[in-house]
Amino acid sequence: MNIGISAATGQLGRIVVSKLKAKGTEHNIVALVRNPQKASDLGVETREADYSKPETLEAALPAIDTLLLISSSEVGQRATQHQNVIAAAKKAGVKHIVYTSLLHADTSSLSLAEEHLATEAALKDSGIPYTLLRNGWYTENYTGSIGGALAGGAFIGSAGEGRISGATREDYAEAAVAVLTSSGHEGKVYELAGDEAFTLQDLAAEISRQTGKDIPYKNLPEADYTAALASFGVPEFFAHAIAGWDVSASSGDLFDDSHQLSGLIGQPTTPLSKAVSQAIQ
């Protein structure tokens with residue numbers, strides 16, 4: 001059986017490919033990538049597959065049995081790009097699509113939810129058996145800002161006291177591998193989130209503990225956080241989006257205590273303390 005991994009040179013895709021190889025699966029792994037030259041180090045079969053170029057998808061997907069459709073990074077273009085992949089997969093006879101969606105996409109107030117819901121609807125309409133991995137927030141979305149927090153003397157955001165059930169990319173990759181290499185997942189919707197929920201104040205306290213520096217959390221109004229991000233060089237559209245996601249977090253949209261992720265991977269998710277330690281190293 002051929003397992004296709006889309007966006008295989010992305011941050012999540014690379015981990016999935018690595019874990020599939022380490023698992024020693026008898027299935028053939030195919031990296032589906034926009035630029036095959038960037039995939040030369042993956043050590044698996046590689047095919048060009050650009051979400052925005054249907055002709056590459058139609059050439060890449062034949063003989064793929066199971067496809068991991070990792071959501072595009074191009075917010076605003078995702079629905080169309082994903083539809084391109086699904087249409088090509090149907091034409092190619094792909095038997096199962098595993099899609100990385102968004103935690104509680106059907107009820108979330110995050111601006112990201114709309115395109116994920118459109119993709120989920122397209123999958124249902126396609127007639128192809130599918131599995132939805134509704135991934136929660138990557139802990140790295142926040143730990144990636146630790147350097148800036150240390151430089152600025154504070155961790156800033158707009159999440160208030162919202163509890164965030166974050167998990168690492170490695171945790172979510174483990175879930176994808178579990179679904180790709182075992183049976184009985186067709187038609188399932190998994191709400192995936194970390195075992196340990198934290199507030200940004202908790203995160204700031206953990207950074208302070210591990211670095212020995214006093215790094216408080218400063219909660220800002222959405223407009224002020226947007227302006228701060230823009231001042232750091234974040235494009236205005238993206239700065240506004242990030243601040244909006246924090247506001248959604250403040251109302252609980254990134255919280256989940258179902259423990260479906262740890263149940264699926266058969267082990268606890270990465271604790272915040274370890275994620276912070278990895279980011280600081």
**OP:** Using a cut-off of 6.0 Å, state whether more than 12 heavy atoms not belonging to Glu236 lie near its atom CD.
**Re:** no
Original post:
Got a second to check how far Glu48's CD is from Glu55's CD, nearest 0.5 Å?
Top reply: 8.0 Å
**OP:** Report yes or no: does Ser208 contribute a side-chain atom to a donor-acceptor pair with the main-chain N or O of Lys213 at less than 3.5 Å?
**Re:** yes
**OP:** Give a yes or no on whether Tyr51 and Tyr130 share a hydrophobic cluster (residues Ile, Leu, Val, Met, Phe, Trp, Tyr; joining criterion: side-chain heavy atoms under 4.5 Å apart).
**Re:** yes
Original post:
Atom CG in Leu103, atom OH in Tyr190: separation rounded to 0.5 Å?
Top reply: 15.5 Å
Subject >> Which residues share a salt bridge (Lys or Arg N to Asp or Glu O under 4.0 Å) with Lys19, sequence neighbours left out >> reply: Glu170, Glu174
**OP:** Mind checking salt bridge (Lys or Arg N to Asp or Glu O under 4.0 Å) for Asp41 and listing every partner two or more places apart, or none if nothing turns up?
**Re:** Arg14
Original post:
Do side-chain atoms of Thr181 reach the backbone of Val177 as a donor and acceptor pair under 3.5 angstrom?
Top reply: yes
Original post:
Is there a side-chain contact between Ile29 and Lys23 (heavy atoms, below 4.5 Å)?
Top reply: no
Original post:
Is there a path of hydrophobic side-chain contacts, each under 4.5 Å between heavy atoms of I, L, V, M, F, W or Y residues, that connects Leu254 with Val276?
Top reply: yes
**OP:** Compare all side-chain heavy atoms of Leu112 with those of Arg78 and state whether any distance is below 4.5 angstrom.
**Re:** yes
Original post:
Would a 4.5 Å heavy-atom cut-off, applied to side chains only, mark Ser71 and Gln81 as touching?
Top reply: no
Original post:
Taking all atoms of both residues into account, what is the closest heavy-atom pair of Ala122 and Gln83, and its distance?
Top reply: CB-OE1, 3.1 Å
Original post:
Looking at side-chain heavy atoms only, is the closest gap between Gln11 and Tyr138 below 4.5 Å?
Top reply: no
Original post:
Taking Asn84 for the side chain and Pro54 for the main chain, is one N or O donor matched with an acceptor at less than 3.5 Å?
Top reply: no
Original post:
Tell me, which pairs form a salt bridge (Lys or Arg N to Asp or Glu O under 4.0 Å) where one or both residues lie in residues 126-153, sequence neighbours left out?
Top reply: Asp106-Arg134, Glu120-Arg134, Arg134-Glu191
Subject >> Check against side chain to side chain donor-acceptor pair (under 3.5 Å), Asp253 and Ser109 >> reply: CA-CA 7 Å; Asp253 281 352; Ser109 69; 2.3 Å; yes
**OP:** To the nearest 0.5 angstrom, please state how far the CG atom of Leu272 sits from the CG atom of Asp195.
**Re:** 12.5 Å
Original post:
Which atom pair, heavy atoms only, marks the closest approach of Leu32 to Ala49?
Top reply: CB-CB, 3.8 Å
Subject >> Straight-line distance of Ile156 CD1 to Tyr225 OH, nearest 0.5 Å >> reply: 5.5 Å
**OP:** Treat each ILVMFWY residue as a node, draw an edge where side-chain heavy atoms are under 4.5 Å apart, and state whether Val75 and Ile242 are in one component.
**Re:** yes
Original post:
Side-chain heavy atoms under 4.5 angstrom apart, residues restricted to Ile, Leu, Val, Met, Phe, Trp, Tyr: same cluster for Leu117 and Leu123?
Top reply: no
**OP:** Taking all non-hydrogen atoms of both residues into account, name the closest pair between Ala173 and Ile15 and its distance.
**Re:** CB-CG2, 3.5 Å
Subject >> Other residues, nucleotides, ligands: >12 heavy atoms within 6.0 Å of Glu114 CD >> reply: no
Subject >> For Lys38, all residues meeting salt bridge (Lys or Arg N to Asp or Glu O under 4.0 Å), sequence neighbours excluded >> reply: none
Subject >> Any side-chain heavy-atom pair of Leu67 and Ile128 under 4.5 Å >> reply: no
**OP:** Begin from the C-alpha positions of Val85 and Tyr99 and carry the test side-chain contact (heavy atoms from CB on, under 4.5 Å) through to its verdict.
**Re:** CA-CA 11 Å; Val85 178; Tyr99 173 60; over 6 Å; no
**OP:** Report the residues that fulfil side-chain contact (heavy atoms from CB on, under 4.5 Å) with Val247, sequence neighbours left out, ordered by chain and then residue number.
**Re:** Ser158, Glu222, Ser250
Original post:
Nearest heavy-atom pair of Pro129 and Glu186: which atoms, and what distance?
Top reply: CB-CG, 3.8 Å
Original post:
Where do Gly166 and Thr139 come nearest, in terms of heavy atoms and distance?
Top reply: C-OG1, 3.3 Å
Original post:
Going hydrophobic residue to hydrophobic residue with side-chain gaps under 4.5 angstrom, can you get from Ile265 over to Ile70?
Top reply: yes
Subject >> Main-chain N/O of Thr199 paired to Asp202 side chain as donor or acceptor, under 3.5 Å >> reply: yes
**OP:** Please round to the nearest 0.5 Å and tell me the distance separating atom CG of Asp224 and atom OG of Ser231.
**Re:** 11.0 Å
Original post:
Do His96 and Thr131 pass the side chain to side chain donor-acceptor pair (under 3.5 Å) test, and can you show the C-alpha distance, the side-chain angles, and the key distance before you say yes or no?
Top reply: CA-CA 8 Å; His96 182 199; Thr131 304; 2.8 Å; yes
Original post:
Do Leu68 and Thr100 have side chains that get closer than 4.5 Å, going by heavy atoms?
Top reply: yes
Subject >> Any residue meeting salt bridge (Lys or Arg N to Asp or Glu O under 4.0 Å) with Asp65, in chain and number order, not counting sequence neighbours >> reply: Lys95
**OP:** List the steps, then state whether side-chain contact (heavy atoms from CB on, under 4.5 Å) holds for His185 with Val98.
**Re:** CA-CA 9 Å; His185 302 287; Val98 180; over 6 Å; no
Original post:
At their closest point, which heavy atom of Ser273 faces which heavy atom of Arg209, and how far apart are they?
Top reply: CB-NH2, 4.2 Å
**OP:** Before giving the answer on side-chain contact (heavy atoms from CB on, under 4.5 Å), spell out for Asn141 and Trp245 the whole-Å C-alpha distance, their side-chain angles and the decisive distance to 0.1 Å.
**Re:** CA-CA 11 Å; Asn141 290 347; Trp245 300 337; over 6 Å; no
Original post:
Can you tell me how far CG of Leu132 sits from OG1 of Thr119, rounded to the nearest 0.5 angstrom?
Top reply: 10.0 Å
Original post:
Is the backbone of Val44 close enough, under 3.5 Å, to the side chain of Thr46 for a donor and an acceptor to pair up by distance?
Top reply: yes
Original post:
Quick one: does Leu192's side chain get under 4.5 Å of Tyr172's, heavy atoms only?
Top reply: yes
Original post:
Does Leu42 offer a backbone N or O that forms a donor-acceptor pair with the side chain of Lys21 under 3.5 Å?
Top reply: yes
Subject >> Steps toward side-chain contact (heavy atoms from CB on, under 4.5 Å) verdict (Thr143, Ile146) >> reply: CA-CA 5 Å; Thr143 58; Ile146 288 177; 3.9 Å; yes
**OP:** Under the side chain to side chain donor-acceptor pair (under 3.5 Å) rule, what do Thr270 and Asp171 come out as? Steps first, then yes or no, please.
**Re:** CA-CA 7 Å; Thr270 305; Asp171 292 326; 3.1 Å; yes
Original post:
Do Thr168 and Thr269 come close enough that some side-chain heavy atom pair is under 4.5 Å?
Top reply: no
Subject >> Atom CD of Gln201: over 12 foreign heavy atoms under 6.0 Å >> reply: no
